[in-house]
Amino acid sequence: MSKEFKRTLITSALPYANGPVHIGHLAGVYVPADIYARYLRLKGEDVLFIGGSDEHGVPIALKAKDEGVTPQEVVDRYHYIIKKSFEDFGISFDVYSRTSSAIHKKTASDFFRTLYDKGEFVEQTSEQYYDEEAKQFLADRYITGICPHCGNERAYGDQCEACGTSLSPMDLIEPKSAISGSVPVLKETKHWYLPLDKHEAWLEKWILEDHKEWKPNVYGQCKSWLDMGLQPRAVSRDLDWGVPVPVEGAEGKVLYVWFDAPIGYISNTIEVCQDQPEKYGDWTKWWKDEATKTINFIGKDNIVFHCIVFPAMLKADGSYILPENVPANEFLNLEGDKISTSRNWAVWLHEYLEDFPEKQDVLRYVLTANAPETKDNDFTWKDFQARNNNELVAILGNFVNRAMVLTQKFFEGKVPARAALTDYDQQTLEEFASVKKELETNLDNFRFRDALKDAMNLARIGNKYLADTEPWKLAKTDMERTATILNIALQITANLAIAFEPFLPFSAEKIKRLINKSDLKWSQLGSADLLPDEHPLNPPTLLFEKIEDEAVAKQVQKLEDSKKANEANP
RNA sequence: CGCGGGGUGGAGCAGUUGGUAGCUCGCCAGGCUCAUAACCUGGAGGUCAUUGGUUCGAGUCCGGUCCCCGCAACCA
């Protein structure tokens with residue numbers, strides 16, 4: 001924490017390209033990562049924010065087979081939807097690429113080969129179920145049969161959902177391939193394993209001793225794994241979709257997506273550095289220089305891969321630095337139920353952007369204010385509406401509008417000069433100046449929910465200041481005092497543009513347009529001299545608008561419909 | 001009895017090294033009227049999942065039970 005860093009590499013978990021992005025992804029990973037990236041950039045720091053689609057793996061291969069198209073067609077479809085929706089939503093990636101790119105294939109392949117040549121893998125042959133009809137090996141998940149414990153006929157090769165017993169595929173009675181329905185046969189296959197057990201010692205020190213500041217969910221999960229003892233982990237799969245294992249005699253085998261995907265962070269870095277070398281420099285400085293601080297934003301489902309497996313891969317190579325922190329969020333539920341791509345129980349980003357044009361910040365606000373930082377949270381449309389109407393409109397938008405309209409009314413839209421300040425003025429200025437430190441502490445420690453609350457407090461301070469000083473009354477008797485009050489209110493408004501920039505970039509931009517001031521920096525936050533006397537403002541317009549019941553009802557109806565559709569054909 | 005995180009007023013969350021519960025929204029009342037019936041002030045509302053124990057005193061420590069989520073067992 002106290003180390004001096006020259007630059008920050010921010011990664012966000014690669015969304016799996018078998019569907020579009022939904023609010024769960026956003027709340028868990030992309031919104032917090034984007035807030036952090038924008039915050040650091042605003043502070044003038046050197047930042048590289050990486051994203052990209054994760055496009056390999058069995059589910060995509062199967063989906064392609066189902067639809068009778070190639071896997072590439074499947075990932076093309078979702079990759080572009082995802083990329084576009086992130087752009088429109090204002091997730092400020094420096095690069096958003098994909099793991100089916102040529103650069104990635106080479107990077108991942110080379111990475112494997114380096115470890116292979118160094119002798120960092122162990123080879124092992126085992127027997128696995130093979131589907132002769134579909135001509136592929138079956139993951140446990142893709143084998144069904146009768147549960148030996150409770151007789152459930154639809155038990156999976158890894159677990160029986162009915163009685164909860166953990167199973168291995170060999171336990172199943174009358175095993176069947178979930179892909180073709182045929183009876184699988186056992187067949188020998190060879191794979192490469194990363195011996196995590198060999199990395200246990202340094203991982204223990206690195207995490208348990210050197211990173212006690214990691215979030216409880218992250219630290220606890222890692223500790224439990226380390227306490228149990230690590231096992232070698234396969235890094236290859238029998239599949240025809242992915243990065244081929246670059247070893248002689250490995251035909252028909254590809255890198256396991258979990259080996260492949262995090263390397264995507266590296267290949268995307270290489271890609272952006274090759275495209276814009278003058279801006280980003282050489283890629284190695286982002287991955288191999290101790291002065292770089294790496295932060296991996298992820299969801300709680302892949303803590304182990306980012307804290308143990310990927311670091312072990314990097315260490316096995318030997319030339320890479322390790323992440324400084326891995327802030328993992330919990331999950332977001334939707335109207336009381338788990339978000340599910342297959343059940344279409346989700347709010348899809350690309351649909352939201354169509355249904356609520358120009359309202360990116362509303363969703364960003366709601367997902368941040370209700371972010372699942374310490375436990376699973378629930379997203380409801382009612383809450384979405386309430387937060388927009390009662391917080392964004394009523395507190396933030398309203399304050400800015402009040403300051404703007406009053407200035408328009410009494411001073412022809414020009415910032416009036418301050419006269420002597422009263423004690424109460426001083427007190428107000430000190431109060432909002434002190435917000436900066438708190439805000440920074442919260443952002444630095446990935447407490448974005450609290451940080452957003454701090455920013456919101458600035459607007460509250462503003463509203464209270466106007467209510468207490470009543471400039472609309474004073475305008476009848478004391479113009480000088482009115483001028484002072486409005487000057488302060490406008491300075492607070494300018495501060496809002498800075499404080500909200502990481503959270504609500506579109507609205508911050510709007511505020512800047514209103515106050516006719518674009519060159520605001522984070523370091524100026526807390527200052528009461530952002531707008532000079534007589535500075536002309538633009539005519540007042542509204543920052544946010546109310547969301548009516550009908551708009552929300554329509555969304556709820558949409559969800560009801562997919563629920564009914566699910567019940568109709570389960 | 002696999003492991004981890006969580007279970008605090010109607011909703012969402014804080015609660016640092018133990019000292020009779022805080023915040024935002026909602027609700028009720030009052031004030032104000034510049035503002036998107038928005039804003040400001042005050043109030044009601046909680047046996048801190050449950051159950052034992054340690055302690056002068058526990059949401060905060062220890063044990064049991066229940067519930068939710070995640071991870072694991074070659075899903076990603």
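Values below: all heavy atoms of this structure, side chains included; hydrogens, waters and symmetry mates excluded. Reminder, nothing fancy here: chain letters follow the sequence lines and each chain counts from 1. Treat the numbers as computed from the prediction; the structure is a model and nothing was measured.
For the C1' atoms, the distance linking B/U36 with B/G19 amounts to 47 Å, nearest Å. Taking the C1' atoms as reference points, B/G2 lies 10 Å from B/A73, given to the whole Å. For the P atoms, the distance linking B/G9 with B/C3 amounts to 29 Å, nearest Å. Spacing between B/C40 and B/G45 at atom C1', rounded to whole Å, works out to 22 Å. To the nearest whole angstrom, the two C1' atoms, one in B/G6 and one in B/G53, are 24 Å apart.
For A/Arg402 and B/U33, the shortest distance from a side-chain N or O to OP1 or OP2 is not below 4.0 Å. Contact annotation: A/Arg460 side-chain N/O to B/C25 OP1/OP2 distance is under 4.0 Å. Using a 4.0 Å cut-off, no side-chain N or O of A/Asn217 falls inside it from OP1 or OP2 of B/G70. Dashed line: the shortest gap from a side-chain N or O of A/Lys464 to OP1 or OP2 of B/U41 is under 4.0 Å. The phosphate of B/U33 (OP1 or OP2) has a side-chain N or O of A/Lys473 nearer than 4.0 angstrom. Note on A/Arg233: every side-chain N or O is 4.0 Å or more away from OP1 and OP2 of B/C71.
Looking at heavy-atom distances under 4.0 Å, A/Phe305 makes contact with a base. Nucleic acid contact for A/Asp227: none, since no nucleic acid atom lies under 4.0 Å from a heavy atom of the residue. Base contact: A/Tyr256 has a heavy atom under 4.0 Å from a base atom. Nucleic acid contact class of A/Asn370 (heavy atoms, under 4.0 Å, all strands): sugar-phosphate only. Residue-level contact check: A/Phe399 touches neither bases nor backbone, having no heavy atom under 4.0 Å from any strand. Using a 4.0 Å heavy-atom cutoff across all strands shown, A/Thr374 reaches sugar-phosphate atoms only and no base atom. Using a 4.0 Å heavy-atom cutoff across all strands shown, A/Val393 reaches at least one base atom of the nucleic acid. Heavy atoms of A/Arg237 sit under 4.0 angstrom from at least one base atom. Residue A/Lys382 is classed as having no contact, given no heavy-atom separation below 4.0 Å to the nucleic acid. Among the atoms of the strands shown, none is found under 4.0 Å from any heavy atom of A/Arg447. A/Leu466 comes within 4.0 angstrom of no nucleic acid atom, judged by non-hydrogen atoms across all strands. A/Asn463 comes within 4.0 angstrom of sugar-phosphate atoms only, judged by non-hydrogen atoms across all strands, and of no base. When heavy atoms are screened at a 4.0 angstrom cut-off, A/Lys338 is found touching the sugar-phosphate backbone but no base atom. Using a 4.0 Å heavy-atom cutoff across all strands shown, A/Lys300 reaches at least one base atom of the nucleic acid.
In this model, no side-chain donor or acceptor of A/Ser224 finds a partner on the base of B/C71 within 3.5 Å. Judged by distance alone with a 3.5 Å cut-off, a donor-acceptor contact links the side chain of A/Gln128 to the base of B/C74. The base of B/C25 lies outside donor-acceptor range of the side chain of A/Arg387, with no N or O pair under 3.5 Å.
Of the listed nucleotides (B/C39, B/C34, B/C71), B/C34 has the atom at the smallest distance from the side chain of A/Trp472. Of the candidate nucleotides B/A35, B/U24, B/C75, B/C75 has the atom lying nearest to any side-chain atom of A/Pro59. Out of B/C25, B/C40, B/U8, the shortest distance to the side chain of A/Asn390 is found at B/C25. Distance from the side chain of A/Gln221 is smallest to B/G70 among B/C34, B/A14, B/G70. For A/Trp258, taking side-chain heavy atoms from C-beta onward, the closest of the listed nucleotides B/A14, B/A76, B/U24 is B/A76.
Checking each of A/Asn329, A/Asn217, A/Asp376 against A/Lys300 for a side chain to side chain donor-acceptor pair (under 3.5 Å) leaves exactly one that passes, namely A/Asp376. Among the candidates A/Tyr219, A/Trp206, A/Phe446, the single residue satisfying the ring pair (Phe, Tyr, Trp, His ring centres under 6.0 Å) test with A/Trp214 is A/Trp206. Screening A/Thr441, A/Asn442, A/Leu443 for a side-chain contact (heavy atoms from CB on, under 4.5 Å) with A/Asn445, the sole residue that qualifies is A/Thr441.
Using the Watson-Crick or G-U wobble rule with both distances under 3.5 Å, B/C39 pairs with B/G31. Searching all strands for a Watson-Crick or G-U wobble partner of B/G12 with both distances below 3.5 Å returns B/C23. Pair assignment for B/C3 gives B/G70, based on Watson-Crick or G-U wobble hydrogen-bonding distances that are each under 3.5 Å. Both distances falling under 3.5 Å, in either a Watson-Crick or a G-U wobble arrangement, place B/U65 opposite B/A49.
If A/Val405 and A/Met228 are placed on RNA chain B by their nearest nucleotide, the residue sitting closer to the 5' end is A/Met228.
Within 6.0 Å of NZ on A/Lys253 lie more than 12 heavy atoms contributed by other residues, nucleotides or ligands.
Between A/Lys464 and A/Glu431 no salt bridge is recorded (no basic side-chain N to carboxylate O distance below 4.0 Å). With respect to the salt-bridge test (charged N to carboxylate O, under 4.0 angstrom), the residues A/Glu545 and A/Lys359 qualify.
The CD atom of A/Glu391 sits 10 Å away from the P atom of B/U24 (whole-angstrom rounding).
Taking the six-membered ring for Trp and thresholds of 30 and 60 degrees, A/Phe384 and A/Phe379 have ring planes inclined between 30 and 60 degrees apart. Using cut-offs of 30° and 60° on the angle between ring planes, the pair A/Phe448 and A/Phe297 is tilted.
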